[in-house]
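These notes are about the structure you will find just below.
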Amino acid sequence: NREMNKYNLNLVLAYGLYRNLTLIVKQPMVHKKMLMNGETTKNTGLGELTFRTKYGIYRRNTPEYNIGIAAIAGLKFPTGAYTFSSKTWDIKSGLYLSLRASHLASDFNIGYSYNGSAKKTDGTIDFGDEFELDWALAYQFVISDDAETVVAPVLEFSYKYIAKDQMDGADLPDSGESVLYLSPGVKLTKSAVKFEILFQIPIWQIQKGSQLQRNTGVIAGIRYLF
């Protein structure tokens, strides 16, 4: 008799400071509805602010293909509302590989989140670190004579591992999980505007305890390039 629905509205601003360096800021707004033992609770508020830098390590452009490698480092601040904050400073890192060949695009990402880096005092929860792998494939169809309107079907495979929470060096029950997603979607590009929708379908998952299992989620986004 437990169920949770969560809705995130993420506002993201990315600015290219230099040719190889991009600054990224993300501020989520969160609404959560929880059903437990016949009682429903609702909470709405700001999530935690995240600041990241993306640095281009390598890029090669040829008439046949484009390839790029970039690294990301960032920090998540404990600025969210009480219900949506871990109360810790979390370090984010990642490595990105992108490949473009004709109409085909492939992106591979690997990420690691070191959670609870600044809160390790006795009696407090040390939240489990997170490891992620993502591989996305897309094929672009140009549907306008001026090549400014493009439709791209997308298929993404995502794996997430969350380590068990700890307190005073001991693992906490009902924490930690592994999830594998298969996510079909589509992206529409019209000049400087991009519309995206992705359906995240968990095809395999293991929860280490009595946590809620994950159901299919929907990710929708609008990007404006300026």
Side-chain angles (χ1 to χ4, degrees), residues 2-17 22-36 40-54 70-94 96 107 109-119 124-134 136 154 156 158-163 165 175-177 179 181 183 185 187 193-202 205 211-226:
R2 294 185 300 158
E3 181 178 296
M4 184 182 73
N5 293 296
K6 188 177 180 181
Y7 307 88
N8 284 12
L9 175 61
N10 294 319
L11 304 177
V12 181
L13 178 65
Y15 181 75
L17 186 62
T22 302
L23 306 180
I24 305 169
V25 177
K26 181 179 77 172
Q27 176 61 70
M29 291 183 286
V30 187
H31 174 73
K32 184 169 68 173
K33 179 181 178 181
M34 185 77 180
L35 172 65
M36 182 179 293
T40 300
T41 58
K42 299 180 181 180
N43 293 284
T44 303
L46 292 178
E48 296 178 321
L49 179 69
T50 301
F51 175 79
R52 295 186 181 187
T53 59
K54 181 179 180 181
I72 276 196
L75 186 65
K76 187 171 73 172
F77 301 87
T79 57
Y82 180 82
T83 308
F84 308 120
S85 176
S86 63
K87 304 298 185 296
T88 63
W89 301 72
D90 304 333
I91 298 174
K92 306 289 184 179
S93 61
Y96 295 79
D107 294 280
N109 307 328
I110 180 171
Y112 189 85
S113 178
Y114 178 56
N115 297 330
S117 58
K119 189 174 184 179
T124 60
I125 296 177
D126 177 16
F127 292 96
D129 296 346
E130 299 180 21
F131 173 77
E132 293 183 88
L133 286 174
D134 297 282
V154 179
E156 182 175 313
S158 304
Y159 171 76
K160 174 178 282 191
Y161 169 79
I162 303 176
D165 301 338
S175 65
E177 63 177 328
V179 186
Y181 293 99
S183 306
K187 178 169 63 177
V193 183
K194 294 187 178 184
F195 303 91
E196 301 169 293
I197 187 167
L198 199 69
F199 296 90
Q200 274 197 323
I201 305 170
Q205 55 183 314
Q211 307 104 294
L212 295 174
Q213 288 189 328
R214 296 178 183 255
N215 289 330
T216 299
V218 179
I219 299 175
I222 301 176
R223 286 192 284 172
Y224 178 72
L225 309 179
F226 60 89

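Side-chain N or O atoms of Gln211 include one that pairs as donor or acceptor with a backbone N or O of Gly176 at under 3.5 Å. A donor-acceptor pair is defined here as one N or O able to donate and one able to accept, closer than 3.5 Å; no such pair exists between the side chain of Thr50 and the backbone of Lys76. Between the side chain of Gln213 and the main chain of Gln205, no donor-acceptor pair closer than 3.5 Å is present. With Lys54 contributing its side chain and Gly16 its backbone, the two residues share no donor-acceptor pair below 3.5 Å. For Thr83 (side chain) and Asn43 (main-chain N/O), no donor-acceptor pair under 3.5 Å exists by modelled atom type.
The shortest heavy-atom contact between Asp165 and Ser175 is N-OG, 3.1 Å. Contact between His31 and Thr44 at its shortest, heavy atoms only, is ND1-OG1, 2.6 Å. Across every non-hydrogen atom of Ile24 and Ala14, the tightest pair is CG1-CB, 4.1 Å. The two residues Gly80 and Ser85 have their closest heavy-atom pair at O-CB, 3.6 Å. A pairwise comparison of heavy atoms in Leu49 and Lys26 identifies CD1-O, 3.4 Å as the closest pair. Taking all atoms of both residues into account, the shortest heavy-atom contact from Phe84 to Lys32 is CE2-CB, 3.9 Å.
Between Gln27 and Val25, every side-chain heavy-atom pair lies at or beyond the 4.5 Å cut-off. With contacts defined as side-chain heavy-atom distances shorter than 4.5 Å, the pair Arg214/Gln200 does not qualify. Within the 4.5 Å cutoff, side-chain heavy atoms of Thr40 are placed close to those of Lys33. A 4.5 Å side-chain heavy-atom check between Pro78 and Glu48 finds at least one atom pair inside the cut-off. Side-chain contact between Val12 and Arg52 is absent, with no heavy-atom pair separated by less than 4.5 Å. The shortest distance between side-chain heavy atoms of Lys92 and Asn115 falls below 4.5 Å. At a threshold of 4.5 Å between non-hydrogen side-chain atoms, the residues Ser93 and Ile72 do not count as touching.
Interatomic distance, Asp90 CG to Leu75 CG, rounded to the nearest 0.5 Å: 7.5 Å. Rounding to the nearest 0.5 Å gives a distance of 5.0 Å between CD of Glu156 and CG of Asp134. Atom OH of Tyr159 sits about 8.0 Å away from atom CG of Leu133, to the nearest 0.5 Å.
At most 12 non-hydrogen atoms from other residues, nucleotides or ligands lie less than 6.0 angstrom from CD1 of Ile222.
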Open item on the list: Show, in sequence, the C-alpha distance, side-chain angles and deciding distance for Asn109 and Glu132, and conclude whether the side-chain contact (heavy atoms from CB on, under 4.5 Å) test is met.
Closed with: CA-CA 8 Å; Asn109 307 328; Glu132 293 183 88; over 6 Å; no
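Side-chain N/O atoms of Tyr112 and Asp129 include a donor and acceptor closer than 3.5 Å.
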